[in-house]
Amino acid sequence: MSSLNKLKDILRQQEQLHRYPINYTIPELWDCDHIAVQSGGLPVGNGEIIVNPFRFFADLIDHWLKDRDASDAATPYYRHHTLPKELRKGNWIRQSFIYSCMIRSSGSWDHDRSGKLEEADLYGLQENGTFVKTLALLPLLKKMGIDTLYLLPVMKYSRKNKKGELGSPYSVKNFFELDSSLKDPMTCDQMSVDEEFQALVEACHLLDIKVIIDIIPRTNAIDSDLIAEHPDWFYWIESNVLEGYRPPLVPGVEPGVSAQQQYLEKIYASREVLQHIRKFRPSPQQRDPEKWKALIRSWKRGKQDLSDLIRQRFGITVAPAFSDCINDPQPAWSDITFFRMYLDHPAASQPYLPENEEIAPYILYDVAKSSLNPGNIPNQPLWDMLESIIPFYQEKFGIDGARIDMGHALPLPLVHNIISRAREVDPDFCFIAEELSKDNAQISVEKGYNMIAGNGFTELTRPREDRLNAFAYGALNLPCPMFAAGETHDTPRLSAREGGRTFCRMITLLDLFLPHCVPFLNSGQEVYEKQPMNTGLDCRADEHLQLDPSDPFYRKLALFDRYAFHLTDPDRWQLPLLLEKASAIRRKYRSAMLNDNSIIPLMFEGPWIPAVGFGYALRRSMILVIANHDLNAPRDHLIQLWNLPQRFLDHDTQARLIFSSEQAESYLHFDNHTLTTRFLPGEVKIFEIRL
């Protein structure tokens with residue numbers, strides 16, 4: 001029996017035990033297919049519906065399983081679907097529309113309307129998101145045109161030195177366990193968290209949605225489960241220096257530059273650097289093997305935290321990680337540490353180390369950036385383990401792709417092995433590089449990646465500086481795709497930037513039609529969420545203060561705290577309905593968007609004009625997608641049509657408006673292969689020309 005079928009059967013059993021009315025609500029947006037209303041759900045007029053949760057989720061699964069077989073759905077999607085040659089080997093991502101989902105937050109809701117999110121609500125059910133509750137998001141994703149679900153880390157994470165109320169999912173404690181908090185109490189003890197994740201993957205595949213996960217092979221939690229067996233895979237410092245521990249200053253080097261070998265002499269000439277590396281100590285196992293064995297025996301018998309026990313008996317602790325960029329102002333990351341990728345110091349750095357002095361393994365900018373500064377002796381058992389992570393999730397859950405967090409800092413042979421081992425399991429497995437610079441796109445392709453993350457969140461969001469146009473038109477020359485992402489889980493929200501919801505609407509819709517880009521929708525973006533999930537990249541000092549102080553989630557960040565997106569916003573259906581219509585147009589013209597010969601960059605009266613646009617041509621029709629990025633005033637834009645395919649110029653060119661983000665009236669004026677029309681502030685229009 002498939003996990004999805006098993007889940008449905010368990011929910012039906014529980015429904016029989018909970019047939020009395022339950023004052024349990026879900027957001028109206030979760031009932032996109034009207035399943036709840038059709039089975040007796042009660043709309044309460046504020047964007048919520050009262051449902052019996054067991055019946056609702058069982059009915060939802062029944063709806064999907066009708067005339068379908070889920071028995072082989074928990075295998076990679078493209079094992080059962082054919083692909084054209086140009087989209088094989090993971091390149092299917094080129095035609096995708098991705099939704100970034102953090103299970104814990106994206107599926108959160110105050111179901112019992114108590115005014116706060118609770119681990120167990122009035123009915124003993126969980127209000128944070130779970131794998132089961134994520135099923136309710138899928139109909140809305142389908143409606144918006146999403147075909148790929150990108151999951152932020154779902155692995156067991158640490159609560160030690162945690163950020164916020166709940167801790168960061170990027171503080172992974174065990175790669176091979178799913179986090180227990182993602183299990184849903186609706187299934188009691190009749191299903192494991194693994195089976196519930198399998199059910200989610202099966203549901204996604206039934207709905208033609210691929211599943212991508214985040215893996216973080218460069219770092220691990222400060223109290224990683226691996227410490228007990230492999231203390232030598234980590235870096236250690238004296239416990240008493242932890243309080244003042246921070247990245248050391250390197251005089252004469254501009255902040256934020258990568259630890260390239262040309263900077264090594266300056267790095268090791270720094271007094272702070274030398275003081276820093278002298279704080280490190282050998283692993284406890286190396287210092288006293290017998291004492292270490294005794295400690296492990298004692299730890300297994302008792303309930304004491306292992307890291308606390310090590311501090312007590314050895315006086316040392318795992319060293320926190322920090323940015324691999326020199327002089328980065330970020331403090332040390334208190335909840336994670338770097339893996340020790342090599343058993344020796346970086347080969348190029350060894351000549352600069354103090355002579356006649358035994359230096360223990362240490363964390364420094366060059367060590368962290370082991371892709372540029374490898375040692376001579378790989379930590380092979382560690383590498384073997386890291387290479388096995390993705391195959392584990394492929395073979396057990398049938399995932400379709402992965403984004404490698406901090407892959408740019410991994411040793412190049414390790415990256416090659418991670419990618420090649422995954423492709424042995426699934427030749428069409430997709431890899432996304434966490435690479436922000438488009439200058440490194442070709443290098444990423446050579447490593448085996450299918451695309452890069454890119455820096456859309458800094459470029460698309462700055463139209464006044466002409467960076468939006470530079471990003472859009474510059475994408476034509478990329479050797480691989482990058483995300484068309486106005487926001488991510490680490491950045492400000494589009495709705496919190498200048499132009500507010502109009503700007504969010506413009507960028508979100510334009511992202512669907514940028515060449516060589518993969519549109520990316522961040523969870524909450526579809527309802528104009530203002531509060532960032534994290535303040536990691538491109539954020540202002542007050543970025544965490546976007547909500548009114550009276551809001552229950554004021555100052556909270558979804559990446560670390562209990563948080564539910566504002567899914568009852570009065571405009572909650574606006575973007576989803578626009579995306580539904582725009583995505584249908586994109587699907588019709590997707591083959592043209594993937595063919596460089598069918599892409600036409602549109603020109604205006606001059607490069608100073610606040611507009612951007614592209615044409616995409618099929619054999620007998622084409623579209624013109626144009627955005628007015630003047631957010632303050634209407635504009636009459638003149639669009640040059642002289643570079644359209646000749647077949648569309650041999651006749652009297654006639655274009656009809658088929659989409660407007662603002663639903664505005666539009667006039668068209670044609671004159672000598674130009675088109676003039678009026679745009680409202682931030683308006684996106686799509687015209688279709690047919691032969």
Side-chain angles (χ1 to χ4, degrees), residues 1-16 26 29-41 51-83 87 92 95-99 101 103 107 130-151 184 186-187 190-213 393-401 426 428-430 576 580 583-584 587:
M1 177 186 291
S2 76
S3 293
L4 194 60
N5 276 294
K6 181 177 179 180
L7 173 59
K8 182 198 70 174
D9 291 346
I10 292 170
L11 291 169
R12 288 291 184 216
Q13 294 168 14
Q14 291 298 315
E15 180 190 350
Q16 296 302 312
I26 60 169
L29 284 169
W30 289 9
D31 193 31
C32 199
D33 287 344
H34 309 295
I35 301 299
V37 172
Q38 291 172 8
S39 60
V51 300
N52 179 314
F54 306 99
R55 179 187 305 153
F56 169 68
F57 284 101
D59 286 350
L60 193 62
I61 297 170
D62 258 340
H63 176 64
W64 296 333
L65 290 176
K66 186 178 181 181
D67 302 322
R68 290 177 173 176
D69 181 9
S71 60
D72 60 357
T75 55
Y77 179 83
Y78 282 113
R79 192 170 293 175
H80 307 285
H81 298 77
T82 57
L83 274 169
L87 296 179
W92 53 263
Q95 64 179 4
S96 295
F97 181 8
I98 292 180
Y99 187 83
C101 174
I103 299 288
T130 65
F131 290 128
V132 173
K133 287 168 63 180
T134 303
L135 296 174
L137 307 183
L138 301 185
L140 180 63
L141 302 191
K142 286 290 290 183
K143 184 180 186 69
M144 295 189 295
I146 302 294
D147 60 14
T148 304
L149 184 65
Y150 160 54
L151 300 177
D184 203 296
M186 281 193 287
T187 64
Q190 295 176 273
M191 282 190 87
S192 67
V193 67
D194 285 10
E195 289 175 305
E196 291 177 17
F197 183 42
Q198 285 173 331
L200 174 60
V201 175
E202 288 175 11
C204 287
H205 287 175
L206 282 177
L207 297 173
D208 296 323
I209 295 173
K210 280 72 70 184
V211 179
I212 290 176
I213 67 169
Y393 284 87
Q394 290 175 288
E395 293 166 352
K396 186 162 187 176
F397 302 108
I399 63 167
D400 306 290
D426 176 12
D428 294 313
F429 197 80
C430 174
E580 179 183 24
S583 292
R587 282 193 299 274

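Basis for what follows: all heavy atoms, side chains included, without hydrogens, waters or symmetry-related copies. Sequential numbering from 1 along the given sequence is applied to the chain's residues.
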Open item on the list: Taking the side chain as everything from C-beta on, heavy atoms only, tell me whether Leu4 gets closer than 4.5 Å to Leu206.
Closed with: yes

Task: Inter-residue atom distance Asp9.CG - Gln190.CD, 0.5 Å rounding - done: 10.0 Å

Open item on the list: Would the distance check show the side chain of Asp184 and the main-chain N or O of Met186 forming a donor-acceptor pair, the cut-off being under 3.5 Å?
Closed with: yes

TODO: For the pair Asn5 and Glu202, evaluate side-chain contact (heavy atoms from CB on, under 4.5 Å) and give the outcome as yes or no after the intermediate values.
DONE: CA-CA 10 Å; Asn5 276 294; Glu202 288 175 11; 5.9 Å; no

Open item on the list: Assess whether a salt bridge exists between Arg79 and Asp426, defined as any Lys/Arg side-chain N lying under 4.0 Å from an Asp/Glu carboxylate O.
Closed with: no

Open item on the list: Quick one: does any side-chain atom of Asp33 pair with a main-chain N or O of Pro139 as donor and acceptor, under 3.5 Å?
Closed with: no

Task: Ion pair Asp59/Lys8, N-O distance below 4.0 Å - done: no

TODO: Would you confirm whether Trp92, through its side chain, and Asp428, through its main-chain N or O, come within 3.5 Å as a donor-acceptor pair?
DONE: yes

Task: Distance (rounded to the nearest 0.5 Å) between Cys32 SG and Leu60 CG - done: 10.5 Å

Task: Side-chain (Asp400) to main-chain (Ile212) donor-acceptor, under 3.5 angstrom - done: no

TODO: Return the orientation label for the Phe197 and Phe397 ring planes: parallel under 30°, perpendicular over 60°, tilted otherwise.
DONE: tilted

Open item on the list: Is there a side-chain contact between Ile103 and Leu200 in this structure, where contact means two heavy atoms from C-beta onward sitting under 4.5 Å apart?
Closed with: yes

Open item on the list: Let me confirm one number: the CD1-CD distance from Ile10 to Glu196, rounded to the nearest 0.5 Å.
Closed with: 8.0 Å

Task: Nearest-0.5 Å distance, CD1 of residue Ile146 to CG of residue Leu137 - done: 11.0 Å

TODO: Kindly assign one of parallel, tilted or perpendicular to the pair His81 and Tyr78, based on the angle between their ring planes and the thresholds 30° and 60°.
DONE: perpendicular

- [ ] Find out whether Tyr77 and Asp208 are in side-chain contact, i.e. whether some heavy atom of one side chain is under 4.5 Å from a heavy atom of the other.
- [x] yes

Task: Donor-acceptor contact below 3.5 Å, side chain Gln198 vs main chain Ser3 - done: no

Task: side-chain hydrogen bond (donor to acceptor under 3.5 Å, both in side chains) partner of Arg55, chosen from Glu15, Gln14, Gln16 - done: Glu15

- [ ] Measure the shortest side-chain to side-chain distance between Leu7 and Leu135 over non-hydrogen atoms and say whether it is less than 4.5 angstrom.
- [x] yes

Task: Between CD1 on residue Ile26 and CZ on residue Phe56, distance to nearest 0.5 Å - done: 3.5 Å

Task: Main-chain N/O of Leu207 paired to Lys142 side chain as donor or acceptor, under 3.5 Å - done: yes

- [ ] Indicate the atoms forming the closest heavy-atom contact of Trp64 with Ala203, along with that distance.
- [x] CZ3-CB, 3.8 Å

TODO: Look up atom CD in Gln13 and atom OG1 in Thr187, then write down how far apart they are to the nearest 0.5 Å.
DONE: 11.0 Å

Open item on the list: Treating Ser39 as the side-chain partner and Ala36 as the backbone partner, does any N or O pair qualify as donor plus acceptor under 3.5 Å?
Closed with: yes

- [ ] Side-chain contact test, heavy atoms from C-beta onward, threshold under 4.5 Å: evaluate it for Phe131 versus Val193 and give yes or no.
- [x] yes

Task: Short side-chain to backbone donor-acceptor contact, Thr148 and Lys210, under 3.5 Å - done: no

